[in-house]
Amino acid sequence: MTEHIRITEVGLRDGLQNQPHPVSTDGKLELARALILAGVRQLETASFVHPKAVPQMADAAEITAGLPVDARMDYMALVPNLKGYERARAAGYRRVAVVLASTDTFNLRNIKMTRDEAEAACRDVLAAAKNDGVAVRAYVSGALACPYDGPTPVAVVQQLCERMIAAGAVDIAISDTIGAGNPRQIQQILTPLLREHDPALFSLHLHDTRGTALAMAWAGLECGVRHFDASVGGLGGCPFAPGATGNVATEDLVHLFHGAGFDTGIDLDRLYDAVAIAERITAQPLGGRYTQWRRSQERRAQATACAPQDNRA
Ligand code: COA
Ligand code: ZN
């Protein structure tokens with residue numbers, strides 16, 4: 001039987017939070033529907049953060065209200081604190097994500113808390129969610145490097161992962177927020193963790209800033225991870241991580257895994273169509289390497305079809 005890989009599509013949150021121009025609520029919902037049509041089942045839809053901190057996420061409740069009601073869908077929203085959690089609960093979420101960055105500097109820039117304060121905020125959400133039967137993902141961000149303080153020691157990442165597991169998180173998203181890592185680091189982080197824990201507890205959230213995301217994903221796969229984040233067309237970045245570009249493009253990851261004989265449940269043709277929608281609603285060129293390749297094939301086919309026929313015998 002073909003082995004399944006879970007892909008959490010994060011473009012609507014991680015991708016859109018960093019747009020220089022506002023994207024309409026209708027545009028976001030059009031993209032969500034296209035992704036669902038393509039077979040995406042794990043979808044991070046928005047974040048319930050302060051609208052002044054990230055104006056692009058101010059319509060989180062409206063987005064949620066407009067999403068298709070579909071029992072197959074696993075919708076998730078990011079919450080930085082209890083207030084965000086309460087807003088997400090009021091909107092109906094059964095899964096939320098908290099954020100714990102690896103250094104004081106990154107936490108302070110991102111959510112105005114030290115690392116200890118951020119951990120306490122995560123614990124508050126985890127405790128409330130346990131009462132409510134809500135599943136919690138913990139993003140351990142800046143896991144390979146902090147945008148301000150440089151490389152993150154492996155022991156620090158492991159400790160943060162362990163603490164979030166002990167506090168009840170069901171999904172630890174080890175996040176290379178600025179795409180500064182390499183496959184060797186992924187092995188070094190995961191190997192001891194997977195000696196102690198079920199691989200199903202972990203996911204990899206890899207930005208492709210320097211082109212290493214696919215290699216790192218593959219390293220994670222070889223360690224036993226079967227859950228990866230990705231962003232349609234490579235959309236995104238982080239407003240609080242200077243220079244960060246988008247997550248690995250969903251189409252590149254899906255293409256890689258399908259080629260290697262895994263199933264993701266995602267239809268690559270329909271995903272390709274969704275990239276064009278993401279481009280239209282954000283008014284910017286997007287697309288991972290797979291998209292670039294498909295487009296070059298289309299241009300070549302068109303040029304051949306339009307070329308004048310040579311009828312000389
Ligand atoms: N959503 C909406 N409003 C919120 C909120 C939330 N999640 N958390 C706090 N607030 C409100 C408070 O109610 C308070 O309102 P008031 O002034 O009307 O009383 C105000 O914000 C200040 O509260 P405080 O707890 O002091 O927040 P802060 O100013 O220290 O900001 C965060 C902390 C976490 C809310 C803010 O930094 C934030 O939203 N950051 C998100 C960054 C992000 O999205 N990064 C990318 C994803 S990781
Ligand atoms: Zn990210």
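Atoms within a ligand are numbered from 1 in the order they appear, just like the ligands themselves.
- Ligand-side atoms of ligand 1 in range of V54: 43 (C), 44 (O), range being under 4.0 angstrom from any heavy atom.
- Considering OG1 of T282 and CD of Q19, their distance stands at 5.0 Å, rounded to 0.5 Å.
- A cation-pi contact, defined as under 6.0 Å to the ring centre and within 45° of the axis, links R109 to Y148.
- Rounding to 10 degrees, one finds that the Zn ion (ligand 2) sits at the corner of an angle of 100° between H205 NE2 and H207 NE2.
- In this structure, of I111, T177, L82, the residue bringing a heavy atom nearest to atom 33 (C) of ligand 1 is I111.
- Y93 pairs by the ring pair (Phe, Tyr, Trp, His ring centres under 6.0 Å) definition with F48, not counting sequence neighbours.
- Where the criterion is an N or O separation shorter than 3.5 Å, residue side chain and backbone included, H50 meets it with respect to ligand 1.
- Contact atoms of ligand 1 toward A53: 38 (C), 39 (O), 40 (N) (distance under 4.0 Å to a heavy atom of the residue).
- Counting atoms of ligand 1 from 1 in the listed order, those under 4.0 Å from a heavy atom of V49 are 1 (N), 2 (C), 6 (C), 7 (N), 39 (O), 41 (C), 44 (O).
- Below 4.0 Å from some heavy atom of G84 lie the following atoms of ligand 1, by number and element: 7 (N).
- Between F228 and F257, the two ring planes are tilted [angle within 30° to 60°].
- Here's the thing with R87: one of its N/O atoms is less than 3.5 angstrom from an N/O atom of ligand 1.
- Closest heavy-atom contact between Y290 and D252: N-OD1, 2.7 Å.
- Distances between N or O atoms of F48 and those of ligand 1 include at least one value under 3.5 Å.
- For Y139 and H205, the distance between ring centers is under 6.0 angstrom.
- Ion pair E251/R289 not flagged as a salt bridge, since none of the NZ, NE, NH1 or NH2 atoms sits closer than 4.0 Å to an Asp/Glu carboxylate oxygen.
- Considering only residues two or more places apart in sequence or on other chains, W218 meets the ring pair (Phe, Tyr, Trp, His ring centres under 6.0 Å) condition with none of them.
- Within the 4.0 Å heavy-atom criterion, neither part of D14 lies near ligand 1.
- Which parts of ligand 1 touch R13 is read off a 4.0 Å heavy-atom cut-off, strictly below it: atoms 47 (C).
- Distances from the Zn ion (ligand 2) show that D14 has an N/O/S atom below 2.8 Å.
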